[in-house]
Structures are given as structure tokens and as C-alpha cells.
Student: 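For reference, the structure I am asking about is given below.
Counting starts at 1 for both ligands and their atoms, following the listed order.
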Amino acid sequence: MPIFTDLASGLLRGEQVAETRRTVGDLAGYWADETAAQACADELLYTTQTWFPIEDGTEGAVLWGNTTLMPGRVGEERFMTRGHWHVKRDRGELVVTVSGKGLLVLMDEDRNATSEELTPGSTHWIDGRYAHRTVNTGDEPLVFLCAWPADCGHEYDAILSDGFSMKVT
Ligand SMILES: O=P(O)(O)OC[C@H]1O[C@H](O)[C@H](O)[C@@H](O)[C@@H]1O
């Protein structure tokens with residue numbers, strides 16, 4: 001069954017679309033200023049939609065989804081996603097910005113970090129050897145679409161313990 005991707009809003013409609021909602025408090029441990037994070041713990045940070053036409057983890061399959069990242073700051077730090085590594089480092093990801101303004105932060109295993117600007121229409125290849133996180137640097141929601149291999153695996157532990165070497169303020 002096909003679904004509908006609204007290219008104006010970036011939102012997905014259809015069956016087998018799963019949604020998540022994360023608040024500032026859900027990212028406890030990821031922020032530079034945890035005291036500031038506690039003060040706005042209930043604030044909406046980002047939502048995601050993922051289309052699972054096939055089971056997560058299926059080798060050779062591709063998944064499709066979006067993220068809507070709100071504008072704002074925790075202390076000095078801009079609102080961001082957790083960021084993660086792909087467990088299988090040879091699995092990359094594509095990102096297309098729908099609306100808003102932000103940065104795609106990329107970090108290699110030696111903690112060398114770079115960033116790419118997210119602007120409407122900008123299209124990004126994430127090499128699977130890089131941890132990746134998105135940051136909203138504007139004052140409206142940052143919306144982007146992503147496609148990634150269903151069997152890439154998501155690894156968060158190292159980000160939670162060591163963070164990214166680049167903080168965006
Ligand atoms: O999972 P996070 O690092 O918090 O990022 C939120 C989401 O961002 C993008 O949409 C990725 O493709 C998803 O795999 C990820 O779940």
C-alpha cells in the first residue's frame with residue numbers, strides 16, 4: 001500500500017506510519033546545561049514519522065520518514081536531535097530539507113566534526129561512518145525527510161556518554 005508524503009509540510013499520511021514525540025526532558029543527559037534542560041523538560045523538542053512498509057531490520061530494505069525539530073534553546077544550546085551512529089557503519093542515509101533552517105552535524109570516529117547547512121531543498125548524503133545529529137538554527141520548525149537502510153541499526157550509548165565534539169549555540 002502506498003502512502004502520501006505531503007511535499008509542502010513534509011508530513012506522511014497512510015498505514016504503517018509510526019510516530020514518536022520527544023520533549024527536552026526525554027533527552028536528559030544529552031544537553032550541555034542539564035539544569036536548564038530540567039527547567040523546560042516538558043517542552044516539545046521533535047516529532048518523527050517513520051513508514052514501515054516492511055519490518056525494521058530487514059536486510060536490503062529502505063525506510064522513509066521525517067523529523068520536525070522545534071526552534072528553541074536549552075541554555076545556550078540550540079534544540080537538536082539526540083544524534084546516533086549506525087551500528088553497521090557501511091549503511092548511509094539521505095536527508096532532504098523541507099522547511100526551516102538548521103545544521104546537519106557529522107562526526108567521525110576520531111571525533112572530528114563538520115556541519116552542513118540545512119535549507120529547503122538541500123539534499124544530504126550521510127556516510128555511515130559518521131555519527132549524525134540535526135540542529136534547528138532558525139526560529140521556525142525545521143522539517144526534513146530521510147531515507148535509511150532498515151538494517152542499519154541505531155546506536156546512542158556513545159553519544160549519551162561522550163556527546164558530539166561540536167556544540168551549536
Ligand atoms: O534518533 P535521533 O538521533 O534522535 O534522531 C531522530 C531521527 O532523525 C532522523 O529522522 C533519522 O533518520 C531517524 O533515524 C532518527 O530517529
Side-chain angles (χ1 to χ4, degrees), residues 3 5-7 9-13 16-32 37 41 43-58 61-72 74 77-108 113 115-120 122-137 141-168:
I3 62 160
T5 300
D6 183 336
L7 297 176
S9 69
L11 297 180
L12 310 186
R13 288 199 307 270
Q16 296 167 305
V17 174
E19 308 198 345
T20 66
R21 180 183 190 278
R22 303 207 189 280
T23 62
V24 169
D26 290 331
L27 268 70
Y30 288 88
W31 301 107
E43 218 173 303
L44 177 62
L45 183 61
Y46 59 97
T47 57
T48 68
Q49 292 183 301
T50 304
W51 179 30
F52 291 102
I54 194 164
E55 197 181 335
D56 197 18
T58 303
V62 178
L63 297 180
W64 175 241
N66 65 28
T67 299
T68 301
L69 176 58
M70 297 300 144
V74 170
E77 196 172 22
R78 295 279 193 168
F79 275 13
M80 62 190 188
T81 59
R82 290 173 295 180
H84 55 260
W85 297 91
H86 288 172
V87 175
K88 295 183 180 172
R89 298 290 203 261
D90 61 353
R91 304 298 200 264
E93 181 163 341
L94 289 169
V95 171
V96 182
T97 312
V98 175
S99 58
K101 185 181 160 204
L103 288 177
L104 172 63
V105 179
L106 302 164
M107 183 177 74
D108 69 17
S115 65
E116 296 180 2
E117 276 191 48
L118 297 165
T119 56
S122 71
T123 304
H124 307 259
W125 159 246
I126 300 172
D127 186 302
R129 293 169 299 177
Y130 290 76
H132 41 285
R133 160 182 283 166
T134 51
V135 182
N136 189 334
T137 57
L142 171 67
V143 184
F144 55 92
L145 291 160
C146 304
W148 65 96
D151 67 341
C152 66
H154 290 73
E155 182 185 321
Y156 295 94
D157 291 359
I159 305 298
L160 188 54
S161 58
D162 306 331
F164 272 71
S165 53
M166 184 186 290
K167 304 277 180 210
V168 182

Student: Taking side chain to side chain contact (heavy atoms under 4.5 Å, CB included) as the definition, give me every residue that meets it alongside A113, ordered by chain and number, with sequence neighbours left out.
Tutor: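 Expected list: M107, S165, M166.
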Student: Side-chain contact test, heavy atoms from C-beta onward, threshold under 4.5 Å: evaluate it for T47 versus R22 and give yes or no.
Tutor: no
Student: Do D127 side-chain atoms and Y130 backbone N/O form a donor-acceptor pair below 3.5 Å?
Tutor: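 Not at all, since once roles are kept as given, no pair shorter than 3.5 Å links the two residues.
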Student: Would T5 and W51 satisfy side chain to side chain donor-acceptor pair (under 3.5 Å), going step by step from the backbone distance to the final call?
Tutor: CA-CA 10 Å; T5 300; W51 179 30; over 6 Å; no
Student: At what distance, to the nearest 0.5 angstrom, does CG of L106 lie from OG of S115?
Tutor: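 Going from the CG atom of L106 to the OG atom of S115 covers 8.0 Å.
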Student: May I have the step-by-step check of side chain to side chain donor-acceptor pair (under 3.5 Å) for T119 and T97, ending in yes or no?
Tutor: CA-CA 6 Å; T119 56; T97 312; 5.9 Å; no
Student: Show me a pair-per-line table, with atom names and distances to 0.1 Å, of protein N or O atoms that are under 3.5 Å from an N or O of ligand 1.
Tutor:
residue  : atom   : partner : partner atom : Å
ligand 1 : 1 (O)  : R82     : NH2          : 3.1
ligand 1 : 1 (O)  : Y156    : OH           : 2.6
ligand 1 : 3 (O)  : G83     : N            : 2.9
ligand 1 : 3 (O)  : H84     : ND1          : 2.8
ligand 1 : 4 (O)  : Y46     : OH           : 2.4
ligand 1 : 4 (O)  : R82     : N            : 3.3
ligand 1 : 4 (O)  : R82     : NE           : 3.0
ligand 1 : 8 (O)  : T67     : OG1          : 3.3
ligand 1 : 10 (O) : T67     : OG1          : 2.7
ligand 1 : 12 (O) : E93     : OE2          : 2.4
ligand 1 : 14 (O) : H154    : NE2          : 3.1

